[in-house]
Visitor: 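Next up is a structure, given as structure tokens.
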Amino acid sequence: MDATETLTPPIPLRRGSGRIAALLGLVALADFLIFGQQPGINLFLFALAVCAGILLSAGKIRAPSMAALLFGFSVLASAPLLEAPSMAALLFGFSVLASAPLLEAPSLAGISLCFSALIAVALVGARLMPRSLTGLPLVFLRFALVIPLRLADDIRKYLKAPAKRFSFTVVRQGVGLWIMPLVLAAVFVFLFAAANPLIEIALRSIDIAVLLQVLDLWRIGFWMMIAIVVWALLRPRLKRRAARSQAGRPFMIVPTRDAPLGHASLLRSLILFNALFAVQTLLDLVYLWGGADLPDHMSHAEYAHRGAYPLIATALLAAGFVLLAMRRGGPGDHSSLIRGLVHAWIGQNILLCLSSMLRLGLYVEVYSLTELRVAAGLWMGLVAIGLVLILLRILLSRSNEWLIAANLAALIAVLYISAFIDFPAVIARFNVVHSQEISQEGPPLDLDYLSSLGPSVIPALDLYLQMLPGYLVDKRNQALAFRYYLVRDFERRPRDWRNWTFRAARLETHLLSPAAIAR
């Protein structure tokens with residue numbers, strides 16, 4: 001369903017000056033915490049400040065209590081015991097929980113989850129949340145579409161108001177009112193400077209170059225970006241839905257029996273697809289799951305590598321076709337044969353995803369673990385979950401909105417958990433433990449790749465150096481050299497408190513522990 005340019009009615013401009021003050025305060029806080037700083041605890045603190053601003057600006061939610069500020073997690077855990085007036089505390093606790101991944105180490109997934117939580121808090125505060133969770137993705141989309149235009153649109157409406165209409169005469173009069181106070185204030189400042197040496201020293205310490213640096217274009221652009229996003233959260237609105245077609249019914253294309261998407265075509269397609277997938281499933285059962293010998297000049301790792309990623313693309317295309325075949329009012333609703341073929345095909349696709357995971361595992365055993373292969377494994381798991389959800393949608397007669405919401409919930413859960421995992425450290429430790437030098441079975445440890453993952457691999461390198469046989473002198477020297485540069489780069493990081501993260505704190509603790517290799 002498309003969205004027009006029409007917006008939902010604006011929420012009343014109660015405490016408009018309060019929202020403007022909150023906007024200016026949050027922009028200033030973002031400049032202090034984030035601009036020119038590396039991501040760290042500063043993002044977590046700014047997210048909580050934005051959440052507090054949203055709750056204080058909302059019309060029907062009371063301000064959060066000090067207990068919510070100090071015990072956000074416990075407030076959320078005890079949410080069922082809270083009464084309606086404590087909704088602000090509940091929302092604040094929810095935002096704390098959603099922002100927690102930023103404390104571990106800032107990542108795109110963590111920032112996305114945190115921003116989504118702030119949008120949810122803003123929508124609840126403005127009473128724009130849908131009645132069911134299945135409608136949440138569409139509401140989020142309608143909110144996101146107007147974020148870039150909210151601040152400019154409100155400024156335009158403010159200036160067009162009869163009492164606020166822009167006029168050069170009004171501007172000139174306003175500036176004229178400030179000329180005398182500013183001149184007199186300047187005179188007083190210079191008089192105070194002549195009488196007080198501390199004021200004189202403070203005035204002389206003002207560096208015009210620093211003031212000009214504060215007003216550089218990048219900084220002003222940063223302020224504008226923060227202001228646009230924060231204002232949309234403080235005063236949320238949605239794009240209206242497009243008007244429904246005649247008689248309030250959505251426009252649908254219902255193919256005939258012999259059309260490309262009709263009963264006969266779908267039946268033939270499903271029979272053919274099930275047969276093709278059965279061949280692939282049988283081969284995987286024989287060679288991957290059964291461990292049968294492959295043809296000459298082909299290893300199991302090569303067989304696994306050549307099929308892992310294309311099979312995932314195949315599963316995605318199959319999922320799209322299933323949704324098309326089982327659309328409401330389509331042939332699948334009237335044919336038990338088509339429904340049975342669809343169920344069988346979904347089952348084969350789930351087995352295909354499991355085979356892809358096994359292929360990836362075999363490939364990792366031969367060629368070690370990388371970030372791309374970890375991402376591929378997570379993606380395969382999500383595709384498998386999506387296929388199971390499609391099957392549940394068909395069996396339970398759910399809507400596509402339910403399917404989208406369920407898949408988004410699975411994606412958010414994976415992203416949230418992943419945001420707490422130090423994947424470079426996990427990859428490095430796995431490769432060290434399964435390396436040829438340590439286990440006598442896996443591939444040689446790729447120290448060049450390991451060092452490219454950053455300082456998180458230092459504990460794994462220390463383990464490698466402790467377990468490395470004494471006769472591998474070249475490997476030891478190479479590992480020590482890489483470790484030296486990684487430690488040097490880590491110790492050169494900015495020490496500002498705004499850049500603090502759990503991950504960096506853990507690594508610093510390790511470097512001071514007896515388990516660390518002496519430099």
Side-chain angles (χ1 to χ4, degrees), residues 1-27 29-30 43 46-64 68 84 86-99 111-158 160-161 223-242 401 404-405 408 412:
M1 187 174 295
D2 297 330
T4 64
E5 293 298 327
T6 310
L7 301 178
T8 55
I11 58 179
L13 282 174
R14 293 186 299 264
R15 292 176 292 180
S17 59
R19 283 197 181 90
I20 295 174
L23 175 67
L24 296 177
L26 289 171
V27 171
L29 183 63
L43 298 181
F46 182 69
L48 296 190
V50 172
C51 179
I54 294 171
L55 295 176
L56 292 173
S57 300
K60 293 293 184 180
I61 298 181
R62 297 182 182 180
S86 301
M87 180 59 72
L90 171 61
L91 292 176
F92 191 87
F94 170 69
S95 67
V96 171
L97 181 62
S99 305
I111 294 173
S112 301
L113 289 172
C114 178
F115 185 58
S116 299
L118 291 177
I119 292 177
V121 172
L123 293 176
V124 171
R127 303 178 299 282
L128 294 174
M129 288 290 282
R131 294 182 179 179
S132 63
L133 292 178
T134 57
L136 195 59
L138 180 59
V139 171
F140 268 53
L141 176 63
R142 292 168 60 199
F143 175 82
L145 289 175
V146 300
I147 286 179
L149 306 176
R150 286 292 294 114
L151 182 58
D153 185 60
D154 281 348
I155 292 175
R156 177 181 61 82
K157 290 180 178 179
Y158 178 83
K160 287 181 64 176
W223 293 345
M224 293 178 62
M225 180 186 68
I226 295 295
I228 289 171
V229 175
V230 168
W231 183 254
L233 293 171
L234 294 178
R235 196 163 180 265
R237 289 168 68 184
L238 306 177
K239 272 196 173 184
R240 287 192 187 276
R241 297 182 179 184
E401 288 78 8
I404 293 173
L408 281 178
I412 290 172

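Every value quoted in this text rests on a predicted model; they were computed, and no experiment measured them.
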Visitor: First locate atom CG of Leu48, then atom CG of Leu43, and finally report the distance between them rounded to the nearest 0.5 Å.
Guide: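 Between atom CG of Leu48 and atom CG of Leu43 there are 11.0 Å.
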Visitor: So, taking the atom named CH2 in Trp231 and the one named CG in Leu26, what distance separates them when rounded to the nearest 0.5 Å?
Guide: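 It is 11.5 Å, given to the nearest 0.5 Å.
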Visitor: Please step through side-chain contact (heavy atoms from CB on, under 4.5 Å) for the pair Phe46 and Val230, ending with a clear verdict.
Guide: CA-CA 11 Å; Phe46 182 69; Val230 168; 4.3 Å; yes
Visitor: Let me see the working for Ile412 and Ser116 under side-chain contact (heavy atoms from CB on, under 4.5 Å), right down to the final yes or no.
Guide: CA-CA 10 Å; Ile412 290 172; Ser116 299; 5.9 Å; no
Visitor: At their closest point, which heavy atom of Pro148 faces which heavy atom of Ile228, and how far apart are they?
Guide: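 Answer, listing the atom of Pro148 first, then Ile228: CA-CG2, 3.9 Å.
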Visitor: Kindly give the heavy-atom pair with the smallest separation between Leu128 and Pro236, and that separation in Å.
Guide: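 It is CD1-O, 3.7 Å.
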Visitor: Do Leu233 and Phe115 come within less than 4.5 Å of each other through their side chains, counting heavy atoms only?
Guide: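 Yes. Closest side-chain heavy atoms under 4.5 Å.
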Visitor: Would you call Phe140 and Leu408 a side-chain contact if the rule is heavy atoms closer than 4.5 Å?
Guide: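 They are not in side-chain contact.
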Visitor: Give, for atom CZ of Arg237 and atom CG of Leu145, the distance between the pair rounded to the nearest 0.5 Å.
Guide: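 Result: 14.0 Å between the selected atoms.
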Visitor: Which heavy atom of Ala30 sits nearest a heavy atom of Ile226, and at what distance?
Guide: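 Closest pair (atom of Ala30, atom of Ile226, distance): CB-CG2, 3.9 Å.
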Visitor: Sub-3.5 Å donor-acceptor pair from the side chain of Arg19 to the main-chain atoms of Leu234, do we have one?
Guide: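 Flag set: sc Arg19 to bb Leu234 pair under 3.5 Å.
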Visitor: Hey, what do you get for CG (Leu123) to CZ (Arg142), rounding to the nearest 0.5 Å?
Guide: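 Between atom CG of Leu123 and atom CZ of Arg142 there are 10.0 Å.
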